[in-house]
Amino acid sequence: MQNKQEILEKLTGIQSSRKSYYTELIHLVEEMKKKNRQLAVINQLTQIQISATWPETSMYIASQLTQILPFAHFALTLVKGSSYSSYLSRRDGEGWQCHTLVGAVPSELPVHSLDRVLHPAFAELFPDHYALSVPLRSQLNQTFGYLTLLQADEQRSVPEDAELFSLIASHVGVSVENGLLFQDVSEKIKIEAQLVQSAKMAAIGEMAAGVAHELNSPLTAILGNSQLLLREMKESPAAPLMNDIYQCGVRCKKIIQNLLTFSRQDEYLFSTVPLDDVVEDALGLVGYQLSVSGLTIVKELVQPPLLFHGSRHQIEQIVINLLLNARDALVGRDDPRIELRSFTREEDGRAYAGLTVRDNGAGISQDQLPQIFQPFYSTKDRTKGTGLGLSVSLGIAEAHGGKLFAESQENKGSTFTLLLPLLREEARNGEETDADCG
Ligand SMILES: Nc1ncnc2c1ncn2[C@@H]1O[C@H](COP(=O)(O)OP(=O)(O)OP(=O)(O)O)[C@@H](O)[C@H]1O
Ligand SMILES: [Mg+2]
């Protein structure tokens, strides 16, 4: 009998009399289940997605922790330089909601004591709660953040829970550190890509300026001579041919000017310009192309014409870009239309002269919309689009203190809005026209 008791004790690890044997066994099973749950959660916490945003990560950790620890709110705090961001997750029905709290790390306080600043900040938000924080440490044993449980009084952790929380922090720390490294690398790749892009732009700009310069002199001869010849051969049957040569020369000149504008090497002649004139000029240049494509053009320009101070030629270039983009988006559509409307708008205490170019074309999907203003972004055939139209247009709008933005719905059409600081009539009278702003 004695022997049997000993064997039982060895097998189960339970030293008890027969009477309490089952109670202890149940307790042991419960303990093991609890440990298993904790292990499963720790395992889940090592699988934090490195590409997730920090609020998403905070809500993920909170949703896992809630299975094994008692708390009302959870915060993931990360320290970056002299500031910290706390991603506070709170339960919202079935799911979680996250708010971000940003603060400065006092210069005299070492990061491993930041909880002295964090806890009063949390106490202000959740007055009746107790904060339990554990630091997140890097492989080099440096504190780079905290995990915090905010517990109502009745939820206060027992020391065993606090120990578990520390253990969890060491596992979560590895995943979070990976996330931080991933962000650093992505940021670096992004900056490198931008550098390559701007180097490309600079090279193209230089090339364009060189080519434009070379072409300018022969073109001046072509334009001048063809004009002289035209005058002489007024009634001749060859006059229309000569006129053609002249018009093509004018077009080439415009292209060269565009190239120079793009490379920012031409003179920016700023003057007081009526927006209507710009629209008319742009339509004069591309209107023919649009009408042969069978488009209806609707024009609603407010009267008296809105004035702005800027480069007539550059703003015209924006309108042309928008019109040509609209034309491309309208290929093969039923009842293709482009609507041009001018309006005034107050934004952030400033008055703007606005112009919308709306089409009922193919539209732009929501994931492509943020990219369209990037240089070289084009969905068009290589021979058709360089992807520079909108980025150059945005650059011009911003150089005028204005804005250019797009709204679009796939298959419904797009609206591009250009806003330029409005020049009031009174201001115009006091202003010198054609002043060179360099
Ligand atoms: N009105 C529009 N409707 C639908 N998509 C548009 C519209 N305007 C621009 N886009 C999209 O934005 C992209 C970028 O336009 P952007 O004018 O910068 O370049 P592009 O037209 O492709 O080339 P480029 O203007 O140099 O000839 C286009 O390729 C197209 O996908
Ligand atoms: Mg374009």
Side-chain angles (χ1 to χ4, degrees), residues 193-194 197-198 200-205 207-209 211-212 251-252 254-264 278-279 281-283 285-291 293-299 313-341 354-399 402-419:
Q194 274 168 0
Q197 201 68 277
S198 44
K200 257 198 229 168
M201 293 288 280
I204 290 184
M207 235 168 62
V211 171
R251 199 171 127 69
C252 292
K254 284 223 175 270
I255 294 171
I256 287 175
Q257 268 167 3
N258 278 342
L259 284 176
L260 284 171
T261 307
F262 171 67
S263 61
R264 312 269 147 118
V278 176
V279 173
D281 284 357
L283 284 174
L285 278 170
V286 296
Y288 176 73
Q289 283 187 47
L290 300 181
S291 61
S293 312
L295 305 177
T296 309
I297 296 179
V298 180
K299 208 171 47 179
H313 172 67
Q314 285 186 307
I315 302 300
E316 188 184 304
Q317 200 189 349
I318 299 184
V319 181
I320 292 174
N321 281 337
L322 297 181
L323 288 171
L324 293 181
N325 278 348
R327 177 205 59 187
D328 293 344
L330 285 164
V331 172
R333 313 287 298 185
D334 292 336
D335 183 27
R337 281 164 81 86
I338 300 180
E339 295 167 14
L340 292 137
R341 286 199 175 81
L355 179 74
T356 53
V357 178
R358 181 193 303 262
D359 65 67
N360 57 349
I364 306 160
S365 69
Q366 291 309 303
D367 49 317
Q368 286 178 336
L369 202 54
Q371 301 179 54
I372 59 170
F373 289 98
Q374 283 178 12
F376 302 108
Y377 176 80
S378 179
T379 53
K380 294 170 195 171
D381 195 275
R382 263 176 161 234
T383 52
K384 278 195 180 154
T386 62
L388 287 173
L390 285 178
S391 72
V392 170
S393 300
L394 179 65
I396 296 174
E398 286 177 348
K403 303 176 185 185
L404 179 66
F405 51 88
E407 292 150 286
S408 186
Q409 262 187 308
E410 233 176 330
N411 279 322
K412 295 230 163 108
S414 313
T415 305
F416 283 80
T417 305
L418 169 68
L419 297 179

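Counting convention: from 1, in listed order, for ligands and their atoms alike.
Of the candidates L323, L322, L390, L390 brings a heavy atom nearest to atom 15 (O) of ligand 1.
A donor-acceptor pair under 3.5 Å is formed between the side chain of N360 and the backbone N or O of D335. A donor-acceptor contact shorter than 3.5 Å links the side chain of Q371 to the backbone of D367.
Annotation: side chain of L324 is in contact with side chain of Q289 (closest heavy-atom distance under 4.5 Å). Residues I318 and L418 are in side-chain contact: their nearest non-hydrogen atoms beyond the backbone lie under 4.5 Å apart. The side-chain heavy atoms of L390 and N321, taken from C-beta on, include no pair separated by under 4.5 Å.
Each of the following atoms of ligand 1 lies closer than 4.0 Å to a heavy atom of S378: 20 (P), 22 (O), 29 (O). For ligand 1, the atoms closer than 4.0 angstrom to any heavy atom of I372 are 11 (C), 12 (O), 14 (C), 18 (O).
Ligand 1 has no N or O atom lying under 3.5 Å from any N or O atom of S391, backbone or side chain. Between K380 and ligand 1, a contact under 3.5 Å exists for at least one N or O pair. The distance criterion of under 3.5 Å between nitrogen or oxygen atoms is not met by F416 with respect to ligand 1. Between A329 and ligand 1, no N or O atom pair is found at a separation short of 3.5 Å.
The distance from the Mg ion (ligand 2) to the nearest N/O/S atom of N325 is under 2.8 Å.
Heavy atoms of N321 found under 4.0 angstrom from ligand 1: none, in either backbone or side chain.
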After noting the C-alpha distance and the side-chain angles of E339 and R341, does the key distance pass the salt bridge (Lys or Arg N to Asp or Glu O under 4.0 Å) rule? CA-CA 6 Å; E339 295 167 14; R341 286 199 175 81; 2.8 Å; yes

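A salt bridge is defined here as a Lys NZ or Arg NE, NH1 or NH2 lying under 4.0 Å from an Asp or Glu carboxylate O, and D359 with R337 fails to meet this definition.
At least one heavy atom of G363 lies less than 4.0 angstrom from ligand 1.
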